[in-house]
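This report concerns only the one structure given below.
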Amino acid sequence: MDRLEHARREKLRRWREEFGFEPYGRRVDGLVALAEARAMLDAAAHEAYNESKSAAKDDPSAKIVDRRPRAKVAGRCVQHRPMGKLVFLRLRDHSGDLQISISKSDVEGQMFTLAKKLDYGDIVVAEGPVGMTQKGEVCIWADRLELHCKSLAPPPEKYHGLTDPELRYRHRYVDMYASPETIRVFQLRSELVARMRRFMETWGYLEVETPMMQPIAGGAAARPFVTHHNALDIDLYLRVAPELYLKRLLVGGLPRVYEINRCFRNEGIDRTHNPEFTTLEAYEAFGDCWSMLDLTEALLHELALSVSEADRPIVPYGELEIDYSRPFDRVRYDELFSRTLGFQMTDFAKVRAKAGELTIKDADKLDDWLLVNEVYEHFCEPTLDPSRPTFVTDYPSAVSPLTRPQQDRPELCERWELLAAGTELGTAYTELNDPDVQRAKFTEQLGGADEEVQTFRSLDEDFLNALRVGMPPAGGLGLGVDRMIMLMTNCSSIRDVILFPLLRPH
RNA sequence: GGUCGCGUAGCUCAGUCGGUAGAGCAACCGCCUUUUAAGCGGUAGGUCCUGGGUUCGAGUCCCAGCGCGAUCACCA
């Protein structure tokens, strides 16, 4: 390790002491991206220059004509091939790669020495005419080359980059320059999130920011992270959901609000779960779960079209081709249940028997409907076609404490979940806005909670007060942004779409 | 948390039956003005994840731990 860094530090010293320039550079104006420089190629000018040059060889008095456009670029050196008195470099930036050639006859001696001794990972600025090589590769024939940052770290393998996932996540900044597909995933993520925001704005939604630190962890059943405020001497919880605050905004009079931001859940980590993750939550006064369904379908359809290479909303995901054509598939919860298992979900005796096949903690203490949901998730959800986004509708009220029950069948409620590629992408409700019913549901839920849960989830009296003031009927939506990005970028792990996923510190 | 797999040079990877630690890239020295994973000649580089154990002898077998991955559980 030391010997590799030592070689680089020795060059650093030499550039400073013998060559008298600062290897950590300074401001540079007039740079163009590498892709832009590549696009500046003028094939005719390149031809004319070559002809003029060979004419000058035959007749030394002839003047060389060079109409090739000039470009000034910066990039990280990712290939270095010194060939005697000619050096080929490949630079990389956010837009792609571009080759630079430095001929000893075209630059000052000091610059040529720099070119010869450059290392993989160094950041340089090069300037010169945009032309081609004999093999037809676009190339800047540099007449200036400056070092603007000396990299001291040993680089990863030139062709494979980093393959160990742990190294890729821990040294994301190396992974990003060594593997262009990594940086592309995050560029695409950024574009897609920007598109989501434009979409929501077009649909009349106002973007808001609600507390990340909450005195009561509400809006979802997950275990929260705890932190402490010293001056107030109170424990606070990192939010598990923004839901209860967004609803307060409907009470306050905003008709359509949304938030794209982080939630934190103190649960296990796997391919589809990171402790902090991004959600899009939206609330629409006088909407319901069906208006949210339209919005969700339209949003995913648009995102899929924007990443699809064809003009159809079909996006590859692993072995699958996921088709986001509207309408998405729909199936009622009870229908999927009886279709898969051959009996009604209200046949609780059979549900209990079926649940016996699963390893469920304290199954005999659980409410019938909770068992229904356990059985449903285990046996029914996996039967859905993973290549079609599917809305499962009409969930049991018992597993949906914030949702309005259906008028004619109160054991069911107005709620759907969206599944694709075998994972849950989101859920939407027709929100409960009767304060008395809400209080009863909260109280019932807390009654079943164990001691640990009660430390972080107490009755949110302020939220109930907001409902007492009066919230319009509404539709509410929550979508997992990271999971949507996974689907749109064909990444099988949530860690591949989060820049710095949580890892256990060394 | 359970089960399975992986951990060898800076990086990517071999390492057979338990018998002297290997290659490519990267690095260093030399040659080379059109390379495309450039080439040629030479040099150097190791806590085989950590700690125990078995053995005359352990990268290799056993146990424990750490980290990562897969899967299950958990996560309405």
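In what follows, chains carry the letters A, B, and so on, assigned in the order in which the sequence lines appear, proteins first and then strands, with residues in each chain numbered from 1. Not measured: the values here are computed from a predicted model.
- The base-pairing partner of B/G18, taking Watson-Crick or G-U wobble contacts with both distances under 3.5 Å, does not exist among the strands shown.
- A distance of about 43 Å separates the C1' atoms of B/G41 and B/G5, rounded to the whole Å.
- Across all strands, A/L370 comes closer than 4.0 Å to no nucleic acid atom at all (heavy-atom distances).
- Nucleotides B/C6 and B/C17 place their P atoms 15 Å apart, quoted to the nearest Å.
- Within the 4.0 angstrom heavy-atom criterion, no nucleotide atom of any strand lies near A/R168.
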* Using a 4.0 Å cut-off on protein heavy atoms (strictly under), produce a 5'-to-3' string for nucleotides 29-35 of chain B with B for base contact, S for backbone-only sugar-phosphate contact, and - for none. => S--BBBB
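- Between B/C25 and B/C61, the two C1' atoms lie 33 Å apart (nearest whole Å).
- In this entry B/A44 has no Watson-Crick or G-U wobble partner, no candidate having both defining distances under 3.5 Å.
- Pairing for B/C31 is with B/G39, a Watson-Crick or G-U wobble pair whose two hydrogen-bonding atom distances lie under 3.5 Å.
- A donor-acceptor pair is defined here as one N or O able to donate and one able to accept, closer than 3.5 Å; such a pair exists between the side chain of A/D42 and the backbone of A/A45.
- A/R271 has a side-chain polar atom (N or O) that falls below the 4.0 Å cut-off from OP1 or OP2 of B/U71.
- A residue-by-residue look at A/P156 and A/A220 shows that A/P156 has its nearest nucleotide of RNA chain B further toward the 5' end.
- For B/U12, the OP1/OP2 oxygens have a side-chain nitrogen or oxygen of A/T163 closer than 4.0 Å.
- Within the structure, the salt bridge (charged side-chain N to carboxylate O under 4.0 Å, His left out) test picks out the following pairs touching residues 264-273 of chain A (sequence neighbours left out): A/R223-A/E267.
- With rounding to the nearest 0.5 Å, the separation of CZ in A/R404 from CD in A/E431 is 10.0 Å.
- Classification of A/D334 and A/R409 as a salt-bridged pair holds, one side-chain N sitting under 4.0 Å from a carboxylate O.
- Distances from the side chain of A/L4 to the nucleotides B/C11, B/G10, B/C68 place B/G10 closest.
- Remark: B/A58 base-pairs with no nucleotide in the shown strands. Criterion, Watson-Crick or G-U wobble with two distances under 3.5 Å.
- Between B/U43 and B/A37, the distance separating the two P atoms is 28 Å to the nearest Å.
- Taking 4.0 Å as the cut-off between side-chain N and carboxylate O, A/R172 and A/D175 count as a salt-bridged pair.
- Contact between the side-chain N/O atoms of A/H378 and the OP1/OP2 oxygens of B/A73 is found at a separation under 4.0 Å.
- Nucleotide B/C68 is matched to B/G5 when pairs are restricted to Watson-Crick or G-U wobble geometry with both distances under 3.5 angstrom.
- Atom CD in A/E377 sits about 10 Å away from atom P in B/A73, given to the nearest Å.
- In summary, A/K135 and A/E137 do not engage in a salt bridge, as defined by a charged side-chain N under 4.0 Å from a carboxylate O.
- With a cut-off of 3.5 Å on both Watson-Crick or G-U wobble distances, the partner of B/A23 is given as B/U12.
- Distance alone, capped at 3.5 Å, places no donor-acceptor pair between the A/D97 side chain and the A/R92 backbone.
- The nearest whole Å value for the distance from the CZ atom in A/R3 to the P atom in B/G45 is 8 Å.
- Using atom C1' as the reference point in both B/G22 and B/U35, the two lie 30 Å apart (nearest Å).
- Between A/G268 and A/G161, the residue anchored nearer the 5' end of RNA chain B, judged by the nucleotide with its closest heavy atom, is A/G161.
- Atom NZ in A/K158 sits roughly 12 Å away from atom C1' in B/G39 (whole-Å rounding).
- Checking the phosphate oxygens (OP1, OP2) of B/C68, a side-chain nitrogen or oxygen of A/R170 falls inside 4.0 Å.
- Going from atom NE2 of A/H80 over to atom C1' of B/A26 covers 13 Å, rounded to whole Å.
- As rounded to whole Å, 12 Å separates atom C1' of B/U36 from atom CG of A/D97.
- By the 6.0 Å contact criterion, CZ on A/R16 is enclosed, its count of non-hydrogen atoms from other residues, nucleotides or ligands being greater than 12.
- Among the protein residues, A/D119 comes within range of the sugar-phosphate backbone only, with heavy atoms under 4.0 Å from sugar or phosphate atoms but none that close to a base.
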